[in-house]
Amino acid sequence: MPFGLTNAPAIFMDLMNRVFYQYLDKFVIVFIDDILVYSKSEEEHERHLRIVLQTLREEQLYAKLSKCEFWLDQIPFLGHIVSGEGISVDPKKVEAVKSWPTPKSVAEIRSFLGLAGYYRRFVENFSRIAEPLTRLTRKEEKFNWTEKCQAAFDELKERLITAPILALPSGSGGYEIYSDASGKGLGCVLMQHGRVIAYASRQLKTHERNYPTHDLELAAVVFALKLWRHYLYGERIKIYTDHKSLKYVFTQKEINMRQRRWLELLKDFDMELTYHPGKANKVADALSRRPEAFFMNTPKEILEDLRKMGIEVIRPLTEGMWQNLQVQSSLIDRIKEAQQNDSKLQKMWKQTEEGLQTGIRKHPDGSLRFGDRLCVPSGDLRTEIMSEAHNSQYSIHPGSTKMYKDLRQTFWWHGMKREVARFVSRCLVCQQVKAEHQRTAGLLQPLPIPEWKWEHLTMDFVTGLPRTQRGNNAIWVIVDRLTKSARFLPFRVGQSTEALAEMYMRQIVSQHGVPVSIVSDRDTRFTSHFWRSLQESLGTKLKFSSAYHPQTDGQSERTIQTLEDMLRACTLDFGGAWDDHLHLVEFSYNNSYHDSIKMAPFEALYGRKCRSPVCWTDVGERQLLGPELVTQTVDIIKAIRSHLQAAQDRQKMWADKHRRILEFQPGEHVFLKISPTKGTIRFGTRGKLSPRYIGPFDILEKVGNVSYRLALPPALEGVHNVFHVSQLRRYVPDTSHILDHSEITIGPTLRIEQRPVGILDRRDKILRNRVIPLVRVAWSRDSPGDSTWEKEEDMRRQYPYLFP
């Protein structure tokens, strides 16, 4: 190339690109008058050399033999050493760095940073390390060589002398980018096939220091894409960031103008943004093949995590110094070895070679792949991979769909989706802690329609009401299942069962007679020996709901809801105590239209609605003793029963649309649903993390159509052993399950119980009008740091042994 002519280098570069345009980046790289020919084998290299030399001869371009070198395993090129292992720093070039004296002026700092910056792709966090030196080059900064500047100067020299070997892009397979941002700069790492290709970093500009965290992290991604776009265009890219909200940058509803401008750039790349926790970034450091200094500073826990992920770290010794770390994937090697012994995979591979489209191909690394996914032979390897994707700390029990979507990006085997779903269904932890997002089990089972008035009743209590001047704080709700007429009886919580029985005799039996049956929940007042004996002597049959299934007595529950709404309205409109209005609420409820029976409860009970200011009727002998009132009573009852049957059919049709049939057989094992919350006096939330299900327990027998009797352990002897099918979950057995219920204590209310083990501290909570003593309580199932503050009064009442 003639020197001295204007634009001579650019013109000559253009000439060489035109000459070798069909071979560039295939086996030829040209920089002005330097021609680099590279090949994978000696046979290929001989053919490539012949092509290059023949092309030069045809274009009448000649190379001087004394300046040419052939058949080299490594070669210096543009200040780098290129070899089969990758690309590294030219030792001759960094000799000047090694002997560089301490800078005495800003000009010397710029000279040093200029030389060192040429190799910044080899130095992780280059801009962060060089930040003290870069600050001195600013105009407003006074030159003052400090200890931080000397430390940065020495570290940069050391990093350049011991720079790692970087991989060259292979041209096949996607790229991974690890990006990060801080309050001082941006950093990123470009990787391919588990090896580092380049590092990049820069300091923040003045205006960028005002960016919010979200924009800073996105700026690091944009910085990496712009810097390495020549590698990334047309390639599949995975970008890992420790800022989780960046995953939704393409779908977030509101974006600012800066983000909108960056999104236009991001759309040019085939990329996927993935969240990568900051603590896990040590993995990227290990993959970057850092020298001894990194290994000696790496905690053992991180290396152990790498081995669990299938990454083996080998540390060779050469001439008394640790060489670069070599990373090998033992899992891939094991899969490749197992593929050789899998006859089915080998048969599919042979069919592919014969021209059949089986989808199996051979990867350059020697493994069999289905598309880009690694084929996993049957056996323990599949179980190990699924276990790592489900049980490990990096996955934490995902559902079958999520787990399959994650695994299918890397692995493939026949029937993979079905096998993953089966693996997840057998997981004992998932069966115990995950809620069922399905329709409620058990179709609606309506109670039989009564034959006559006030023969079949339902009962329940409304508690927790404000105490009135009369001392009442609860309501006894009694409803006739035929006429829907209700009685609301006020009482005080704590009254004896004998007092309630006397109220029942005065208010119900004396006015309506002895009922045939009573449906109620398992309140201690209804299950007491006295109440049972009383009803047995009267000839009334007690029908209790199954354990912890209040829907059994849906009639009372729905009436209570209406009652509470009416009481709220009364206290707002008329003021006063709630029991001042209870008798009027009862009259209003019974004298109002009821949809199930198509009339008011009083009309079904007495033959007509009761007289009121909004319901004027004539009075007299004809109205009270007329034949209609006597002769039509039976017809009215028939009409009511017909209306109730239609209402039940309608309710069952709508309810069953949201329910499913679930049946078990005696001898099967099921989980029992429990309430994971702690007792009522706890303020902490750790109890919510307890299992949702306990068991499994044996089914002893089927009780009715949708209830089952379970064989409960002695720890649950205070719990009724008949449960509705909606409280049960089928147990999927597996030989690896180890069942241990010793750590879980269930109280009679079917809640996880935790026992206080000691008082750690005391303090007073000062309010406006009083002082509340508090104690800090340590609980049996909590770690020491999870103790809670509780009211001393409640703790003394519940756990007196804590206060000797």
Quick one: CD1 on I255 to NE2 on H214, what's the gap to the nearest 0.5 Å?
9.0 Å

If I take atom CG from residue L24 and atom NZ from residue K26, how far apart are they, to the nearest 0.5 angstrom?
9.5 Å

For G371, is there any backbone N or O sitting under 3.5 Å from a side-chain donor or acceptor partner on R361?
yes

Rounded to the nearest 0.5 Å, how far apart are CD of Q192 and CD of E176?
7.5 Å

Partner residues of E384 under the salt bridge (Lys or Arg N to Asp or Glu O under 4.0 Å) criterion, sequence neighbours left out
R334

What distance do L218 atom CG and S245 atom OG have between them, rounded to the nearest 0.5 Å?
9.5 Å

Qualifying residues under salt bridge (Lys or Arg N to Asp or Glu O under 4.0 Å), relative to E59, sequence neighbours excluded:
none

Is a salt bridge present between R135 and E131, judged by a nitrogen-to-oxygen distance below 4.0 Å?
yes

Determine the interplanar angle of the F27 and H48 rings, folded into 0 to 90°, and report it as parallel if under 30°, tilted if 30 to 60°, perpendicular if over 60°.
parallel

Within the distance-only criterion (no hydrogens, no angle test), does the side chain of S367 pair as donor or acceptor with the backbone N or O of H363 below 3.5 angstrom?
no

Any idea how Y240 and Y178 line up, ring-wise: parallel (<30°), tilted (30 to 60°), or perpendicular (>60°)?
parallel

Do K402 and D406 meet the salt-bridge criterion of a basic N to acidic O distance under 4.0 Å?
no

H45 side chain to K40 backbone, donor-acceptor under 3.5 Å:
no

In the structure I gave you, are the side-chain heavy atoms of R776 and R763 within less than 4.5 Å of one another anywhere?
no

Under the 3.5 angstrom rule, does the side chain of E208 hit a backbone N or O of L204 as a donor-acceptor pair?
no

Is the backbone of N256 close enough, under 3.5 Å, to the side chain of Q259 for a donor and an acceptor to pair up by distance?
yes

Using ring-ring contact (aromatic ring centres under 6.0 Å, His included) as the criterion, point out the one residue from Y233, F250, W228 that pairs with F269.
Y233

Could you tell me the separation between the CD1 atom of I129 and the CZ atom of F153, rounded to the nearest 0.5 Å?
14.0 Å

Side-chain heavy atoms of E217 within contact of D242, under 4.5 Å:
yes

Value rounded to 0.5 Å, distance of CH2 in W412 from CG in D372:
14.0 Å

Is a side-chain donor or acceptor of R229 paired with a backbone partner of K226 at a separation under 3.5 angstrom?
yes

